[in-house]
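One structure is given here, and the rest of the page talks about it.
Order of listing sets the numbers, starting from 1, for every ligand and every atom in it. Keep in mind that this is a model prediction, so the values were computed, not measured.
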Amino acid sequence: MKQNLFETALKLVEASRNHEKYRDTECINLIASEGLKSPAVKEMLSLSQDLESRYAEGNNDLEGHIKVRYYQGQKYITKIENCTADLMKKLFNCNWVDVRLVSGTHANLATFKGLSTATKRNGMVVAPLSAGAHISHDYTGLAGEVIGLETINHVYDTDEMNIDPDKSAEVIRKAKPGIITFGGSLFLFPHPLKELCEVAREVGAYTVYDGAHVLGLIAGGQFQNPLKEGADFITASTHKTFPGPQGGVVIANLEDKRMKVGIKSVQRSIFPLTTSNTHLARLPAMGLTALEMKVFGVELAKQTVKNARVAGECLFENGVKVLGEKNGFTRSHQIAVDVREYGGGKKVAENLEEANIIVNKNLLPYDDQKDKENPSGLRIGFQDVTRRGFKESDIKHLCGLMVDVIKGKRPLHDVREDTMALRQSFKEIKYGFQSIDETVKYAKRHC
Ligand SMILES: *Cc1c(COP(=O)(O)O)cnc(C)c1O
């Protein structure tokens with residue numbers, strides 16, 4: 001028994017070391033939900049070791065600042081939390097945020113719970129899971145099974161790869177839900193917020209834009225601006241296209257009594273209902289990422305979207321069925337491809353993995369929700385390679401390797417050598433600060 005315990009510990013250390021080398025240096029990562037932190041943000045995380053052990057429960061005021069603390073020893077923690085909130089507010093041009101969420105799912109939990117309490121309504125209109133909604137929006141996930149919401153689907157137009165505004169307006173008027181969600185995990189084109197947020201007001205519902213995937217693109221002004229287009233709340237992860245530490249955030253504008261009621265209810269859902277410890281060590285790194293996105297976000301988001309579109313075109317020209325062709329394949333960081341004729345999403349994703357190209361299989365809008373184990377598609381994201389410095393010609397090179405795998409043109413180990421060589425030729429992380437020191441110098445120059 002004892003020996004097993006020690007052996008397991010050794011295995012643990014070895015696997016951890018191997019993982020860092022494998023995924024950080026030997027693979028090309030095209031998982032659409034994973035961000036790549038800058039050296040400065042990583043340094044900030046390693047500097048925050050004491051914070052990693054602390055507790056700081058509290059109540060916030062309506063600016064998203066700390067109002068009440070319950071423990072002693074928090075004079076700096078309160079500054080850290082307030083500064084992080086302020087940096088996020090500046091970046092997203094809004095007057096309220098909450099940074100205490102430990103993940104995007106947690107942000108949805110607190111927001112959905114808070115707004116269903118505020119409206120005393122149980123219905124929530126969401127995109128169908130197969131059309132890109134996150135499991136936390138679904139009746140089979142957090143929304144239904146944990147919070148007990150009754151979900152009603154938006155009408156999805158598979159031709160446009162988007163929510164159908166007219167038909168969904170009808171659904172909303174009939175269902176009179178408390179909440180209407182937008183956004184998702186398979187998310188190619190901006191959702192019709194302008195049209196549907198008006199309908200939401202008409203029926204007395206709050207709108208929640210789940211920007212987990214696209215938060216960095218929103219920050220860089222290259223996707224839609226949900227608050228400006230009428231959404232009440234943005235919920236998000238802080239580690240996808242927003243390339244910060246793993247965590248979550250809720251963003252809104254407190255502009256009238258209706259929003260005050262909603263925000264207060266969401267705050268109560270965050271604390272005391274769903275948090276105690278809020279994983280404080282991620283906050284300085286999140287704040288620093290917000291600054292980076294203010295400084296580099298436009299260029300990063302532009303190149304990310306450009307790379308995704310070029311990949312869509314390139315794969316399409318090579319005979320791979322890329323969705324959304326009539327609208328230019330994508331306006332986000334990701335594309336969706338149908339690989340049924342090559343054996344389906346599961347097999348193709350596994351073959352790509354053998355070639356050290358990491359993607360995930362994905363349901364496509366016309367798939368049955370029950371086919372999750374072997375869906376038709378792949379979802380491919382370009383935020384990681386973009387931050388490593390890939391430009392259009394590098395993307396085309398990478399797509400060539402993918403086509404070789406998808407169509408079975410070359411042995412997988414052969415392609416793997418090329419993948420590793422391509423990965424090795426990108427050693428830096430762009431569109432970010434290289435150290436805390438560099439960040440401080442930059443900030444001082446611009447004070
Ligand atoms: C990833 C994702 C989430 C969940 O985020 P976590 O931070 O992993 O909990 C929520 N919503 C959408 C749309 C997502 O893609």
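- Listed by number with element, the atoms of ligand 1 under 4.0 angstrom from any heavy atom of Gly184 are 13 (C).
- No side-chain donor from either of Asn60 and Glu81 sits under 3.5 Å from a side-chain acceptor of the other.
- Distance from atom 7 (O) of ligand 1 to its nearest protein heavy atom, with residue and atom name: Gly104 N, 2.7 Å.
- The distance from ligand 1 to the heavy atoms of Lys240 drops below 4.0 Å at these ligand atoms: 1 (C), 2 (C), 3 (C), 5 (O), 14 (C), 15 (O).
- Between Arg309 and Glu313 no salt bridge is recorded (no basic side-chain N to carboxylate O distance below 4.0 Å).
- The residue from Ile135, Asp210, Leu101, Thr105 that puts a heavy atom closest to atom 11 (N) of ligand 1 is Asp210.
- Near Ser185, with a cut-off below 4.0 Å to any heavy atom, the atoms of ligand 1 are 12 (C), 13 (C), 14 (C), 15 (O).
- Closest protein heavy atom to atom 5 (O) of ligand 1: Ser237 OG, 2.9 Å.
- Partners of Ser185 under the side-chain contact (heavy atoms from CB on, under 4.5 Å) rule, at least two apart in sequence or in another chain, are His134, His213, Arg379.
- Remark: the Gln224 side chain and the Tyr209 side chain contain an N/O donor-acceptor pair separated by less than 3.5 Å.
- Using a 3.5 Å distance cut-off with no hydrogens or angles, the side chains of His65 and Asp86 do pair a donor with an acceptor.
- For ligand 1, the polar-atom distance check against His106 finds no nitrogen or oxygen pair separated by under 3.5 Å.
- Salt bridge Arg173/Glu202: present, at least one basic N to carboxylate O contact under 4.0 Å.
- Heavy-atom contacts of His213 reach the following atoms of ligand 1: 15 (O) (cutoff under 4.0 Å).
- Summary of contacts: the protein heavy atom closest to atom 8 (O) of ligand 1 is His239 NE2, 4.2 Å.
- Not one N or O of Ser136 is nearer than 3.5 Å to an N or O of ligand 1, by distance alone.
- There is a side-chain donor-acceptor pair under 3.5 Å between Tyr70 and Asn59.
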